[in-house]
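Structure record follows, encoded as structure tokens.
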Amino acid sequence: MLIQKLRLQRGWSQQQLADLSGLSVRTVQRIERGQGASVESLKSLASVFEIDFSELNQEPAMTDLTAPDTAAAPVASRELEEMLALQHVNRLKRFYRHLAQYALVMVLLAAVNLLTSPHRLWVVWPALGWGIGLLLQAVNTFELLPILGPDWEKRQVEKRLGRKLSS
């Protein structure tokens, strides 16, 4: 999480960080997801970010998130909110990129269709198929169906664990 935060503060993409550090993009993605990293990888990242290696090598302290009176609970809560917000922004970015690709490709296909066979509009079929996929992505990204949204997921997890809902 720290690597991702440092990268985003500098406005770098994962590819740019990989190029600067000499690591692969896949390694950067793995480290950002919280999976283990070698000492060499962490040293390389520390040098790119111009911070001490020990700052990246620290293990996060285990905190009791069930105790609301601890000072660590608000910090963990803020980190969780930040992580969820970042995930939402990434979903939005993917959706808008997908929408732009759809628009560009459909304009190109429409031009090809009108230039090659204007009497038969075959461009409707790829537009419809891809459009349905884009619509489903929009429903997921903007949580347009609350029945399967985060609240539903939370209820299902609580039900599966045999807990009563806290709301």
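For the single chain, residues carry numbers from 1 onward in sequence order. Below, each value reflects all heavy atoms present in this structure, side chains not excepted, and no hydrogens, waters or symmetry copies.
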Hydrophobic clustering (ILVMFWY, side-chain heavy atoms < 4.5 Å, transitive) - are [Y] and [X] grouped together?
| X | Y | answer |
| --- | --- | --- |
| Y96 | W130 | yes |
| V139 | L134 | yes |
| V123 | L108 | no |
| V89 | I3 | no |
| L23 | I51 | yes |

Is there a donor-acceptor pair under 3.5 Å between the side chain of S44 and the backbone N or O of S21?
-> yes
Side chain R91, main chain T141, donor-acceptor under 3.5 Å | no
[atom2] on [Y] to [atom1] on [X], rounded to 0.5 Å:
| X | Y | atom1 | atom2 | value |
| --- | --- | --- | --- | --- |
| S41 | K43 | OG | NZ | 11.5 Å |
| Q4 | L17 | CD | CG | 11.0 Å |
| K93 | L86 | NZ | CG | 8.5 Å |
| L20 | R7 | CG | CZ | 12.0 Å |
| Q35 | T27 | CD | OG1 | 10.0 Å |
| H119 | N113 | NE2 | CG | 9.5 Å |

Heavy-atom check, side chain of [X] versus side chain of [Y], under 4.5 Å:
| X | Y | answer |
| --- | --- | --- |
| V112 | W122 | yes |
| L45 | L6 | no |
| L2 | F49 | no |

Does a sphere of radius 6.0 Å around CD in Q9 hold more than 12 heavy atoms from other residues, nucleotides or ligands, not counting ones at 6.0 Å or beyond?
-> yes
Not counting sequence neighbours, which residues clear ring-ring contact (aromatic ring centres under 6.0 Å, His included) with F142? List them please.
->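 Once residues adjacent in sequence are excluded, the partners of F142 under the ring-ring contact (aromatic ring centres under 6.0 Å, His included) criterion are F95.
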Of all pairs that satisfy salt bridge (charged side-chain N to carboxylate O under 4.0 Å, His left out), the ones with a partner from residues 8-29, not counting sequence neighbours =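 Residue pairs with at least one partner in residues 8-29: there are none.
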Using a side-chain heavy atom cutoff under 4.5 Å and only I, L, V, M, F, W and Y, what cluster partners does [X] have?
| X | result |
| --- | --- |
| L135 | none |
| L121 | L114, V124 |
| L136 | W125, L128, I132 |

Atom of S24, atom of A18 and distance for their closest heavy-atom approach =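 Answer, listing the atom of S24 first, then A18: C-CB, 3.8 Å.
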Per salt bridge (charged side-chain N to carboxylate O under 4.0 Å, His left out), K5 is matched among E82, E32, E55 by E82
Would you please name every residue forming a salt bridge (charged side-chain N to carboxylate O under 4.0 Å, His left out) with R30, sequence neighbours left out?
->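 Here no residue qualifies.
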